[in-house]
Amino acid sequence: MFALVDCNNFYASCERVFQPQWESKAIVILSNNDGCVIARSNEAKALGIPMGAPAFQYYSFFKQKGVKVFSSNYPLYGDMSSRIMSILEQYTPNLEIYSIDEAFLQFKGFDLFNLEAEGHRIQKQIRRWTGIPVSIGMGPSKSLAKIANKIAKKYDSKTGGIYCINNEDKRVKALKWTAIGDVWGIGRQHCKRLESIGVRNAWQFTMLPNDWIRKQMSILGLRLKKDLQGLPHIQLEEIQPSKKGIATTRSFEGTLAEFKDLEERISTFASSCAEKMRKQKSSCTALIIFLRSDPHKKGVIPYRNSCVVTLPYATNSSITLSKYAVLGLHKIFKKGILYKKAGVMTMGLVPTASRQLPLFGGEESKHLLIMKALDHINKRFGPHQMKLANQDLQYTWKMKQEHLSQRYTTEISEIIEVK
Amino acid sequence: METQKLTFFHPDQNQQKSLYLAQEKISAGFPSPADDFKELRISIDQEVVRNEEATFYARVSGESMQGAGLDDGDLLVIDRSMEPKNGKIAVCCIDGEFTVKRLKVVEDGVFLIPENPKYQSIKVTEENELIIWGIVTYVVKKV
């Protein structure tokens, strides 16, 4: 059985942990440089504020409706995310991070034995320990867990944020409820073709003959059908990445201890994230880099760490992202540890077309930009600071962040104050 | 502040987190006397942090908890994983404002008790919105 744990309105929820007065009020979070809306609380969604709304056009509306505006605080979101992932790992060694605020857990052994109760325990622990509310969907395959999660969220008051597809009736009902365009892995092209032959929901899709699916949608379509039938067939890698951010994480076959080995891995993961973003025509504004030893193995030095690198501009260039990812690795790498898992996640996705500095043309201009960044650092800090690894990018580029909350969990001078 | 005995902390060798880094080279000659000290240095972090994922920090502002040894400017270690119980010192959020007080849970409700005669106890009524945010487990102060 698989469970998809998904944080509810993650960025807004992170802000609320440290400013509880905004609980059940409308909140929006703006992209780097306060350009556009990248996250909304349910209350803000209800006011009709669209994703990507340009902030300058909405300021008077925000004021009029009492909407609280935050600049994006990636160090905070990154730290809260790694706390949650670490809690989830206590429940199963089989954890796959899908994005900054979503992860799949695989349960073996006691599969059907009251998994729903386990879900409630997970939800309660994350809420209690970190303050973040989560929804959990469970099912015999990842695509079904994903659908179950959607149901859990949509009917929150009924489900308490937890829904489990654990019998045939529930599976059929859930598939009939899911519009074909909402099925994970079915893109716009396939959706059109399917609708043209009268396939409107996921259940109808699973009723199509295998030959037709294979011919029209290749082997991946067929695997998706099997997955929706409850037989796990799809890997996270081959499915479309989350719109909220992309994660590339791996457990290593053995363990890695050398910096250069990890550097190669991290750099590869970052390039892979970049590639996925280019495919969906988005760019990111921050990265999380994380490392850990094997938490389930006795006798090894336990270590886990993560850090957030905020980028000076939105980008999906492989070169740029792997450079910054390696910068992050420098900050958290510790000698003498046997590393078992590492990963790179992207945050603050914006459509490439609407990002604020559309500077990239061809390969050449990418390089130009890196050079420009290096020059910038040199100018500011002097030639001896050329080692990018030591730079805190937060300070290097002055971003417009007029509504920035404090770095409550990563900066001792910015912790909460209590009277 | 209550008078307390001064306690010296020894590294807890049974704790999962205590690390050994024995880097002794095999060589002929006298054994190094330094081998007797192969444990890592004591880490305050290990001593005060029980659950990393649930640990947060806050700064005390004001004198309302002076009697409990929480002075203005002190650093608080907060464990959100601990159950709020009668008598514990808790960081609460009451009507949108953070405060640190001792919890008093009685039959007819919850009180937030300051430890300074100059301050008044707060009775939490139905009109109040109270979040017990986390339990204070340690105070770090500069002397």
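Computed from a prediction, not measured in an experiment: that's the story for all the values here.
Taking CZ of A/R83 as the reference point, atom OG1 of B/T55 lies at 7.0 Å (rounded to 0.5 Å).
The aromatic rings of A/F18 and A/Y408 sit parallel, their planes meeting at an angle under 30°, below the 60° perpendicular limit. Ring geometry for A/H330 against A/F259 counts as tilted: the plane angle lies between 30° and 60°, on a 0 to 90° scale.
Here B/D74 does not pair with B/R59 in a salt bridge; the nearest charged N to carboxylate O distance is not below 4.0 Å.
Between chain B and the options A/Q21, A/E417, A/Q125, the largest number of non-hydrogen pairs under 4.5 Å is found for A/E417.
A/T130 touches chain B through backbone and side chain together, each having a heavy atom under 4.5 Å away. With a 4.5 angstrom heavy-atom cutoff, A/R16 does not touch chain B via any of its atoms. For A/Q90, the part sitting under 4.5 Å from any heavy atom of chain B is the side chain, from C-beta outward, and nothing else. Proximity to chain B (any heavy atom under 4.5 Å) is shown, for A/I84, by neither the backbone nor the side chain. Of the two parts of B/T99, the backbone and the side chain both hold a non-hydrogen atom closer than 4.5 Å to a non-hydrogen atom of chain A.
In this model, a donor atom of one side chain and an acceptor atom of the other lie less than 3.5 Å apart for A/D101 and A/S99. A donor atom on one side chain and an acceptor atom on the other are not found under 3.5 Å apart for B/Q66 and B/Y119. Counting only N and O atoms by type, the side chains of A/S135 and A/N8 include a donor and acceptor under 3.5 Å apart.
Checked against the 6.0 Å centroid threshold, A/F333 and A/Y339 count as a close aromatic pair.
A cation-pi arrangement is present between A/K68 and A/F70 under the rule of less than 6.0 angstrom and at most 45 degrees off the ring axis.
Proximity to chain A at a heavy-atom threshold of 4.5 Å picks out B/L75, B/L76, B/R80, B/S81, B/M82, B/P84, B/V91, B/C93, B/G96, B/E97 from residues 75-97 of chain B, in numerical order.
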